[in-house]
Amino acid sequence: MLLIALFTLLAAGIVKGAIGSGVPVLVIPVLTMLYDVKLAIAVLVAPNLFSNIVQIWQYRRHLLPARFLIAFSLAGALGIIVGTWGLVVLSPELLSLGVAGAIIIYLMIKLTNRQFTLSYATASRIVIPVGLLGGILQGAAGMSAPASITFLNAMRLERPVFIASISVFFVTITCVQIPALLSTGILTMQRSLFSIVALLIILLTMPLGSRLGKRLPHHWFDNLIMLLLGGISLKIITDALLA
């Protein structure tokens with residue numbers, strides 16, 4: 001199981017460097033399948049925080065307008081509090097099914113709305129509810145992608161703008177998530193050490209992913225991730241129902 005987790009983190013670093021996101025989308029389902037949702041979310045705290053800080057600095061000249069990002073990020077921070085409460089009170093089986101459900105929603109949106117474009121004006125009107133939903137999903141299932149990444153993808157942003165903007169969102173919600181996880185006892189000292197190791201592994205392969213992202217078509221990564229997630233979601237659902 002450790003070997004599978006290691007390869008998943010290495011692959012997540014490559015994807016993160018290439019497209020600016022994808023670590024929770026890959027790592028949370030695999031660690032949920034191997035261990036449980038709470039450990040998976042705790043392990044990704046350091047990678048979510050520090051890898052995105054690196055990307056904010058790298059792409060700091062390509063951010064969306066501050067008013068938009070502040071609304072998006074603060075709504076996500078509020079959602080984290082609600083989602084973490086769900087992480088505490090819901091059963092492990094229900095949380096695992098929640099992760100699988102989030103994956104399926106993400107895949108359905110990706111498959112059915114590949115040509116859908118969201119204007120900046122429309123995005124500005126719905127940014128707060130989308131950010132709130134993203135935070136809730138991140139807090140309870142460890143992955144905001146069905147809301148946050150899909151939302152910014154629909155705006156058809158340039159790669160640097162997307163990476164910088166989604167990184168601001170991730171850093172903000174993680175800064176709220178850390179004290180929330182500490183207060184509930186989910187983020188322990190041992191899991192914090194695991195999280196730091198995960199961060200080092202991801203940082204190791206991010207530069208490779210960055211180089212590949214500039215050379216290879218975006219849809220190569222997209223299709224590979226979707227195929228992988230489809231298999232993982234089926235495995236999680238099967239295990240949860242048979243538990």
Side-chain angles (χ1 to χ4, degrees), residues 1-52 83 87 90-108 110 134 137-150 170 174 177 181 186-188 190-206 208-209 212 220-243:
M1 290 198 295
L2 282 174
L3 196 59
I4 295 173
L6 174 61
F7 280 121
T8 302
L9 289 168
L10 290 169
I14 293 173
V15 172
K16 175 70 172 174
I19 64 176
S21 59
V23 171
V25 171
L26 278 176
V27 177
I28 291 292
V30 174
L31 293 188
T32 297
M33 181 176 64
L34 296 176
Y35 303 102
D36 62 69
V37 184
K38 292 179 181 179
L39 182 141
I41 290 174
V43 164
L44 277 194
V45 164
N48 281 344
L49 182 60
F50 293 104
S51 66
N52 283 295
L87 187 63
L90 298 176
S91 69
E93 292 78 17
L94 195 57
L95 289 169
S96 294
L97 288 173
V99 172
I103 296 170
I104 291 169
I105 293 169
Y106 176 67
L107 293 176
M108 289 174 62
K110 293 285 285 182
L137 289 172
Q138 182 71 26
M143 47 186 295
S144 68
S148 62
I149 293 178
T150 301
F170 287 153
T174 304
Q177 189 177 33
L181 293 176
I186 294 171
L187 185 59
T188 62
Q190 184 185 50
R191 288 175 176 175
S192 297
L193 292 174
F194 291 160
S195 186
I196 292 170
V197 172
L199 168 65
L200 296 175
I201 294 170
I202 288 169
L203 289 177
L204 185 68
T205 53
M206 276 179 62
L208 172 60
L212 290 174
W220 285 20
F221 295 97
D222 233 15
N223 293 337
L224 182 60
I225 290 171
M226 286 194 293
L227 184 64
L228 178 65
L229 289 178
I232 290 172
S233 63
L234 289 176
K235 178 70 166 62
I236 292 174
I237 291 170
T238 302
D239 289 349
L241 292 177
L242 294 177

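Since the structure is predicted, the reported quantities are computational estimates derived from the model, not experimental observations.
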Seminar exercise, completed: Heavy-atom closest pair (G134 atom, S144 atom, distance to 0.1 Å) is O-CB, 3.1 Å
Exercise. Could you give the distance from CE (M143) to CG (N48), rounded to the nearest 0.5 Å?
Worked result: 11.5 Å
Problem set entry | Atom of V27, atom of A12 and distance for their closest heavy-atom approach | CG2-CB, 3.6 Å
Exercise. What's the spacing between L187 CG and L39 CG if we round to 0.5 Å?
Worked result: 10.5 Å
Exercise. Any side-chain heavy-atom pair from L10 and I201 closer than 4.5 angstrom?
Worked result: yes
Exercise. Is V45 close to S192 at the side-chain level, that is, under 4.5 Å between some pair of heavy atoms?
Worked result: no
Problem set entry | Check against side chain to side chain contact (heavy atoms under 4.5 Å, CB included), D36 and S96 | CA-CA 7 Å; D36 62 69; S96 294; over 6 Å; no
Problem set entry | G142 to P24 - nearest heavy-atom pair and separation | O-CB, 3.4 Å
Exercise. Is it true that atom OH of Y35 has more than 12 heavy atoms of other residues, nucleotides or ligands lying nearer than 6.0 Å?
Worked result: yes
Exercise. Hey, which of L34, L31, L9 is the one that makes side-chain contact (heavy atoms from CB on, under 4.5 Å) with I4?
Worked result: L34
For this session: Find out whether I41 and I186 are in side-chain contact, i.e. whether some heavy atom of one side chain is under 4.5 Å from a heavy atom of the other.
Result: no
Exercise. CG of L90 to CG of L97: how many Å apart, nearest 0.5 Å?
Worked result: 11.0 Å
Problem set entry | Heavy-atom side-chain contact between R191 and L181 under 4.5 Å | no
For this session: Compare every heavy atom of A46 with every heavy atom of S195, then report the nearest pair and how far apart it is.
Result: OG-N, 2.8 Å
For this session: Answer yes or no: is there a donor N or O on one side and an acceptor on the other, between the side chain of T150 and the main chain of A145, under 3.5 Å?
Result: yes
Problem set entry | Validation row: I149, F170 side chains within 4.5 angstrom (heavy atoms) | yes
Exercise. Considering only heavy atoms from C-beta outward, does the side chain of K16 approach that of T205 to under 4.5 Å?
Worked result: no
For this session: Please report the shortest heavy-atom distance between L95 and K38, naming the atom on each side.
Result: CD1-CE, 4.4 Å
Exercise. Closest approach of T174 and L49, non-hydrogen atoms and distance?
Worked result: CG2-CB, 3.9 Å
Exercise. How far does CD1 of I196 sit from CZ of F50, to the nearest 0.5 angstrom?
Worked result: 8.0 Å
